[in-house]
Amino acid sequence: MSNILVVEDDEVFSQLLTMHLEDIGHTPLAAHDLSQARLHLKRMSPDAVLLDQQLPDGYGMDLLREIKADKDAPPVIMVTGVSDNALVIEAMKAGAYDFVRKPMDELELDTTLNNALRSHRLSRKVHAISQAADYEVDINQIVGKSPAITGLLKTIGSVAASQASVLITGESGTGKEVVARAIHHHSERSGLFLPVNCSAIVENLLESELFGHEKGSFTGAERSKPGKFELAADGTLFLDELGELPLNLQAKLLRVLQEGTFERVGGTETLHTSARIVTATNRDLESMVREGSFREDLYYRLNVVNLDLPPLRDRMEDLPLLVEHLLHKINRRLHAQVTNIAQAAWSRMQDYPWPGNVRELENILTRAAVLCRDDTITPDLLGIDTPASDQDAKTSADTGTGELELISLDALEERHIKQVLQYTRWHRGKACDILGISRPSLERRIKKYAFDES
Ligand SMILES: Nc1ncnc2c1ncn2[C@@H]1O[C@H](COP(=O)(O)OP(=O)(O)OP(=O)(O)O)[C@@H](O)[C@H]1O
Ligand SMILES: [Mg+2]
C-alpha cells in the first residue's frame with residue numbers, strides 16, 4: 001500500500017482515479033490545484049505523484065520541476081489530456097517517470113505506477129542500507145525470494161546433510177557455484193570445499209588433479225602429489241563444467257562413485273575416499289548421453305538430486321534484491337559509494353532479458369559503478385538497450401543449447417574487460433582489482449581477445 005498524490009482539477013476524473021487507486025490497495029490524496037498540491041507534498045511524503053498539466057493556478061510541469069529538485073523525490077507520472085507532443089519530451093527531460101495520455105487505460109496506469117513505486121522503493125532502500133555501516137555482504141549468500149529460489153533453498157536444506165550426489169544445472173551465470181558452496185556449508189562436513197573446473201585443464205593434468213600422481217609418473221611429475229579426491233576426503237568435491245569431462249575420466253569417476261576407490265596416476269595402491277560429490281554443468285547432459293559423449297550410467301549416478309537453476313529473466317521479482325546485494329559487493333570491492341539507480345536505468349534493467357544472468361548483472365553494475373561520476377547509475381552507463389540483443393537472448397533460450405548464451409557472455413566479457421583496461425589506462429593491477437580476477441587470469445584474457453595496448 002502506497003500514498004499517492006493525485007493532482008487533477010477535473011472533479012469527475014479525480015474521483016474516478018482515486019477510487020481506482022483505492023481499489024488496487026493504495027491510499028490516494030487528491031489536490032485540485034498547485035497550491036493544494038504543494039501543501040500536501042509538505043505534509044505527507046507521497047510515494048508517487050500523478051500530475052495533470054493544465055491546472056487552475058499554473059502548469060503541472062512547474063510542479064514537476066519543483067518536486068524533482070529534491071534528490072529523494074518521489075516518481076511523478078504525468079497524466080494529461082494535453083495533446084502537445086513537445087510536452088511529452090519536456091516532461092521526460094524534467095524527470096517525469098512516465099507520461100500517460102487521457103483517456104487512460106487503467107491497466108497501463110497500474111503497470112506504470114507499480115514500476116515507478118518499485119524503483120523508488122529500491123533506490124530508497126539501497127540508499128538506506130548503504131548508509132548502515134554494519135551491513136555485511138556475505139558473498140556466498142543466495143539472494144532472492146521468488147518461488148523458484150525458495151524451492152531451491154528448501155531442496156538444499158533437505159539434501160545438504162546426506163551423501164547424495166547433486167547435479168546442478170542452469171545457464172551460465174545463474175549461480176551454480178554459489179549453490180554448490182551452500183550445499184557444502186550446510187552439510188556440516190568438516191573438510192574442505194574443493195572446486196575443480198573440468199574444462200580448464202588438459203586431460204592428463206586433469207586426471208592428476210583429481211586422483212593425484214606418483215613421482216615420475218609423467219614428465220614434470222617430480223614429486224608425488226595427492227589429488228582432490230584425497231584432499232576432499234571429509235569435504236566436498238565440486239566438479240564444475242562436468243560436460244567437458246573426457247570419456248576416459250568419466251569411467252574413473254564412475255568407479256569412485258560405485259566403489260569409493262581409485263589409484264593415483266602411476267600408482268598401484270588402492271585409495272579410498274568419502275568425499276561428497278557435487279557437479280555442475282550448463283550443457284544438456286541428456287542429449288550428450290544420447291549422442292554418446294557422456295556415459296549414461298555416470299549420468300544417473302551423479303543426477304541423484306537435480307537442482308535446476310532458473311534463468312534471471314524467469315525470476316525478475318528478485319532483481320531489486322540482487323541489485324542491492326551486488327551493489328554492496330561492488331562498492332566494497334571498488335571502494336565506491338554507488339547508492340542510487342536512476343528510475344530510467346531501473347526500467348531498462350527490468351525490460352532486459354539478461355542472457356548472461358546474475359553474472360551479467362554483476363558485470364554490468366560493476367562497469368556502471370566504474371564509469372559513474374557520482375552516486376547514481378544512469379541508463380547510459382548500463383549499455384543495455386538494443387532490441388537485437390533482446391532477440392538474441394530469446395532465440396538462445398528457445399534452442400536450449402546454451403551455445404548462444406556462451407557466445408554472448410564471451411562477447412560481454414570481452415567488451416567489459418576492454419572498457420576496464422581503457423579506464424585504468426592499462427594499469428593491470430587496478431584492472432584486476434576492479435574485475436576481481438587474478439593477474440594470470442587477466443593476462444590470459446588479454447591474449448584470448450587479442451587486446452592491443454596502443
Ligand atoms: N542467487 C544469487 N544470489 C547472489 N549472488 C548470486 C546468485 N546467483 C549468482 N550470483 C552471483 O553471480 C555470479 C555468478 O555466479 P556463479 O559463478 O555461481 O554462476 P555459475 O552458474 O557457476 O556460472 P557459469 O556457468 O558461468 O560458471 C557470482 O558472482 C555469484 O556470486
Ligand atoms: Mg560456474
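When a ligand or atom number is given, it counts from 1 through the structure's own listing order.
- Which parts of ligand 1 touch Ile142 is read off a 4.0 Å heavy-atom cut-off, strictly below it: atoms 1 (N), 3 (N).
- Heavy atoms of Leu322 come nearer than 4.0 angstrom to ligand 1 in at least one pair.
- The atoms of ligand 1 that sit less than 4.0 Å from any heavy atom of Lys329 are 29 (O), 31 (O).
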Inset, instruction - Could you go through the side-chain contact (heavy atoms from CB on, under 4.5 Å) check for Glu171 and Leu309 one step at a time? - result: CA-CA 8 Å; Glu171 292 177 12; Leu309 306 195; over 6 Å; no
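- Between Asp240 and ligand 1, no pair of N/O atoms sits closer than 3.5 Å.
- Of the charged side-chain nitrogens involved, at least one lies within less than 4.0 Å of a carboxylate oxygen, so that Glu230 and Arg264 count as a salt-bridged pair.
- Inspection of the Asn357 and Thr174 side chains reveals no N or O donor paired with an N or O acceptor under 3.5 Å.
- Taking the charged nitrogens against the carboxylate oxygens, Glu362 and Arg367 have no contact shorter than 4.0 Å, which rules out a salt bridge.
- Heavy atoms of Arg283 stay at 4.0 angstrom or farther from ligand 1.
- The contact set between ligand 1 and Glu362, taken as ligand atoms under 4.0 Å from a residue heavy atom, comprises 11 (C), 12 (O), 13 (C), 28 (C), 29 (O).
- Summarising the contacts of atom 24 (P) of ligand 1 with Arg359, Glu171, Glu360, the nearest heavy atom is found in Arg359.
- Between His213 and Phe218, the ring planes are perpendicular. Angles over 60° get that label, and only those under 30° would be called parallel.
- Taking every heavy atom of Val143 and a limit of under 4.0 angstrom, the matching atoms of ligand 1 come to 1 (N), 2 (C), 3 (N), 4 (C).
- Heavy-atom contacts of Glu177 reach the following atoms of ligand 1: 18 (O), 22 (O) (cutoff under 4.0 Å).
- Other residues, nucleotides and ligands place no more than 12 heavy atoms under 6.0 Å from the OH atom of Tyr300.
- Below 30°, between 30° and 60°, or above 60°: for Phe294 and Tyr299 the angle between ring planes is above 60°, a perpendicular geometry.
- Expressed to the nearest 0.5 Å, how far CG of Leu21 lies from CG of Leu109 amounts to 7.0 Å.
- Atoms of ligand 1 found under 4.0 Å from any heavy atom of Arg315 (numbered from 1 in listed order, with element): 1 (N).
- Contact annotation: Gly144 has no heavy atom less than 4.0 Å from any atom of ligand 1.
- Taking only nitrogen or oxygen atoms, main chain and side chain alike, Gly173 reaches within less than 3.5 Å of ligand 1.
- For atom 19 (O) of ligand 1, the nearest non-hydrogen atom from the set Gly175, Ala182, Ala280 belongs to Gly175.
- Within the 4.5 Å cutoff, the side chain of Trp354 has heavy atoms near those of the Ile384 side chain.
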